[in-house]
Enquirer: 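First the structure, then my questions, so here it is.
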Amino acid sequence: MRRLQFSLFIAAAVFCLAEAAPCLAQYSGGGGGGHGAGQQAQDDAKAAKRKQEFGDLTGPMPQMKNAGPCPYVKTLYDAGRFIEFKDNVEASANVAYTGEIENISSVCAYRGGEPIKVGMKILFEFGRGPQATSSHKVYRYWVAVTDRNHAVLGKQEFELPVTFPASQDRTAVTDTIKTVSIPRADSRVSGANFEILTGFDVTPEMADFNRQGKRFKANAGEVPTQVSSTKP
């Protein structure tokens, strides 16, 4: 996959924290709106079947030794889902393409005054609705590093081409980012000083749609096919 932009321009932090016990991995689910009991049961059944067929997302991540806790990795709620409507009219019949960040797993490594190296694996689920014009869609998403005051220190943007299998309206893609590097001022600065956020490149209208907890998802009635990719 082709990286669109790399702008990791992190200035060295000057925070000081007491050294904490090692933390090898963190896990975060994708953002989403409220569910009724029936919808929740369907989502749980899909998640269980996906785990059975594709395995635990956190399992394949390599273990890495580090001197303290890892940065907290999560999905930004306003950008955790992508939904494209024809003519911007919010109706199920107008849905073109959808996307959702389902899960994130991560590991980190650092020692002494070295930068924090974070590896990530992101599980996406994509759908195409009645207004989709092709079985191929290029989605765009980003990964950003913030400090504990939520100031953005750096951001990477990625393209994720997706091809829907024949006769299927949904597909799952696992994207792997090998390294996000976070410089530190010295050995007293731990990963707890930073957060790593991820989300789709959404329009203001999409962000507002997500913020209000609205949902339209393509429903093909079958477990999606999974595709994997890896980025540096």
Enquirer: Do you know which of Ile104, Val73, Asn103 makes side chain to side chain contact (heavy atoms under 4.5 Å, CB included) with Ile122?
Expert: Ile104

Enquirer: Please round to the nearest 0.5 Å and tell me the distance separating atom OH of Tyr110 and atom OG of Ser181.
Expert: 13.5 Å

Enquirer: For the residue pair Ser105 / Lys121, report whether a side-chain donor-acceptor contact shorter than 3.5 Å exists.
Expert: no

Enquirer: Rounded to the nearest 0.5 Å, how far apart are CD1 of Ile101 and NZ of Lys74?
Expert: 13.0 Å

Enquirer: Carefully, step by step, assess Thr198 and Leu76 under the rule side chain to side chain contact (heavy atoms under 4.5 Å, CB included).
Expert: CA-CA 6 Å; Thr198 186; Leu76 184 66; over 6 Å; no

Enquirer: Begin with the C-alpha distance, continue with both residues' side-chain angles, and end with the deciding distance and a verdict on side chain to side chain contact (heavy atoms under 4.5 Å, CB included) for Phe209 and Glu90.
Expert: CA-CA 9 Å; Phe209 184 91; Glu90 293 182 8; 3.5 Å; yes

Enquirer: The test is side chain to side chain donor-acceptor pair (under 3.5 Å); show your working for Lys117 and Thr179 and say whether it passes.
Expert: CA-CA 6 Å; Lys117 303 290 186 180; Thr179 305; over 6 Å; no

Enquirer: Testing the basics here: between Lys214 and Arg81, what is the closest heavy-atom pair and its distance to 0.1 Å?
Expert: O-NH1, 2.6 Å

Enquirer: Closest approach of Phe194 and Pro183, non-hydrogen atoms and distance?
Expert: CZ-O, 4.2 Å

Enquirer: Please answer whether the main-chain N or O of Ala93 pairs with a side-chain N or O of Gln131 as donor and acceptor at a distance below 3.5 Å.
Expert: yes

Enquirer: Any salt bridge linking Glu114 with Arg184? Criterion: basic side-chain nitrogen under 4.0 Å from a carboxylate oxygen.
Expert: no

Enquirer: Any sub-3.5 Å donor-acceptor pair from Asp186's side-chain atoms to Arg188's backbone N or O?
Expert: yes

Enquirer: I would like to know whether Tyr72 and Ser106 meet side chain to side chain contact (heavy atoms under 4.5 Å, CB included); could you show each step before the answer?
Expert: CA-CA 9 Å; Tyr72 185 50; Ser106 66; over 6 Å; no

Enquirer: For the pair Arg128 (side chain) and Thr133 (backbone), establish whether a donor and an acceptor sit closer than 3.5 Å, ignoring hydrogens and angles.
Expert: no

Enquirer: Minimum heavy-atom separation for Asn210 to Gly80, with atom names?
Expert: ND2-N, 4.3 Å

Enquirer: Counting C-beta onward and ignoring hydrogens, is there a side-chain heavy-atom pair between Val202 and Asp78 closer than 4.5 Å?
Expert: no

Enquirer: Could you check whether Asp208 and Gln212, counting side-chain N and O atoms only, form a donor-acceptor pair closer than 3.5 Å?
Expert: yes

Enquirer: For this output row, return yes or no: ring centroids of Phe158 and Tyr141 closer than 6.0 angstrom.
Expert: yes

Enquirer: Should Phe126 and Thr98 count as side-chain neighbours, where that means a heavy-atom distance under 4.5 Å?
Expert: no

Enquirer: One thing to verify: whether Arg140 and Glu157 come together as a salt bridge, which I'm taking to mean a side-chain N less than 4.0 angstrom from a carboxylate O.
Expert: no

Enquirer: Between Val145 and Val180, does a side chain to side chain contact (heavy atoms under 4.5 Å, CB included) hold up when you go through it step by step?
Expert: CA-CA 9 Å; Val145 178; Val180 176; 3.8 Å; yes

Enquirer: Show the nearest heavy-atom pair for residues Arg211 and Tyr77, with the distance to one decimal.
Expert: CA-CE2, 3.9 Å

Enquirer: Does any part of the side chain of Ile182, heavy atoms only, come nearer than 4.5 Å to the side chain of Ile196, both counted from C-beta?
Expert: yes

Enquirer: Which value, rounded to the nearest 0.5 Å, describes the distance between Glu100 atom CD and Phe124 atom CZ?
Expert: 11.5 Å

Enquirer: Any donor and acceptor pair, going by atom type alone, linking the side chain of Asn94 with main-chain N or O of Val89 inside 3.5 Å?
Expert: yes

Enquirer: Which atoms form the tightest heavy-atom contact between Val107 and Cys70, and what is the distance?
Expert: C-SG, 4.4 Å

Enquirer: Look at the aromatic rings of Tyr139 and Phe82 and report parallel, tilted or perpendicular, splitting at 30° and 60°.
Expert: perpendicular

